[in-house]
Amino acid sequence: MDWKTKISDSNPNGAVIRGYDLEELMQHKSFTETIFLLLQGHLPNEQQTKMLNAIFVSSIDHGIAVASITSARTALSGGSPLQAGVAAGILSIGDFHGGAIEGAAKMLQQNKDTPAAQIVKQFVEQKKRIPGYGHKIYKSADPRAQKLLQIAEELGIAAEYCDKAQDIQNELLAQTEKQLPLNVDGAIAAIISDMQFDWRVGKGLFIIARTPGIVAHLHEEMDEKPVRRLDNYEYAGEKGKKLP
Ligand SMILES: CC(C)(COP(=O)(O)OP(=O)(O)OC[C@H]1O[C@@H](n2cnc3c(N)ncnc32)[C@H](O)[C@@H]1OP(=O)(O)O)[C@@H](O)C(=O)NCCC(=O)NCCS
């Protein structure tokens with residue numbers, strides 16, 4: 001057999017997801033619960049469901065100015081169809097926007113027994129940015145990160161990775177003298193690590209969360225005049241050169 005999967009199957013009698021009948025899931029389980037089932041292979045409990053749902057809501061949309069939304073709307077404004085706009089938005093999700101969940105979860109999970117001070121020292125020495133810290137507009141605290149950590153505490157989910165993520169924030173301030181708060185990606189990374197998600201699904205979780213926001217913005221963009229232009233830019237190159 002060339003292809004093998006333990007995730008799902010369908011045949012003329014119906015479909016199964018991780019062993020459960022899809023029609024049963026449709027009637028009794030939420031979208032969030034079924035996403036957890038797909039990714040972890042078992043159904044979540046009530047606390048895990050609430051937590052994952054809060055994570056999705058935290059990242060569903062964050063205004064028109066962010067890369068995933070401007071990229072999507074710009075693509076559609078050029079005359080491309082909705083699916084091209086969605087793809088453009090998702091393609092802009094990288095290590096600095098949304099995708100930092102993956103890097104931060106990897107850092108936490110692969111340095112489980114390394115003290116926060118040592119983790120920060122390694123990044124500082126290599127002049128690398130620590131994924132999950134700092135924000136364009138939230139300079140002292142990212143309210144989404146704080147809320148997620150509060151929910152994780154209340155649900156009894158916050159454990160060693162949430163503690164470590166906050167220790168790293170304090171170490172960053174101590175070692176760089178820069179206020180680089182734990183951002184929403186960093187908080188999600190810590191929480192999903194405490195929930196036993198593999199760091200390799202980090203970007204996937206952000207994509208799942210942000211896609212509804214992208215679709216809503218594309219729907220709105222459909223009523224705008226075509227072809228977005230960037231008008232507040234400066235040409236900083238040479239002018240008036242003569243061809244040889
Ligand atoms: C999000 C981010 C792009 C915002 O950047 P910004 O507020 O525009 O800050 P700047 O790029 O101007 O950086 C200011 C200084 O802080 C440093 N810095 C910023 N984020 C840092 C981080 N996560 N770790 C270490 N240093 C960081 C920069 O190197 C720069 O140092 P310098 O002044 O000595 O050159 C940036 O904090 C970052 O790259 N964070 C890591 C990626 C991440 O978590 N992204 C998810 C955002 S929700």
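As the structure lists them, so they are numbered: ligands from 1, and atoms in each ligand from 1. Remember, predicted model here, so these are calculated numbers, not experimental data.
Note on Ile207 and Leu39: same hydrophobic cluster, where clusters join Ile, Leu, Val, Met, Phe, Trp and Tyr whose side-chain heavy atoms are under 4.5 Å apart, directly or indirectly.
Under the side chain to side chain donor-acceptor pair (under 3.5 Å) criterion, the residue pairs touching residues 73-92 are Arg73-His217, Arg73-Glu220, Arg73-Glu221, with sequence neighbours excluded.
Glu23 and Gln27 form no side-chain donor-acceptor contact under 3.5 Å, judged by distance and modelled atom types alone.
For the pair Lys106 and Glu102, the salt-bridge criterion is not met [side-chain N within less than 4.0 Å of a carboxylate O]. A salt bridge is absent between Asp142 and Lys147: the closest approach of a Lys/Arg side-chain nitrogen to an acidic carboxylate oxygen does not fall below 4.0 angstrom. Lys121 has a carboxylate O that lies under 4.0 Å from a charged side-chain N of Glu125, or vice versa, which qualifies the two as a salt bridge.
For ligand 1, the protein residues within 4.0 angstrom (heavy atoms only) are Asp95, Phe96, Ala100, Arg129, Ile130, Pro131, Gly132, Tyr133, Gly134, His135, Lys136, Lys139, Lys178, Leu180, Asn183, Asp185.
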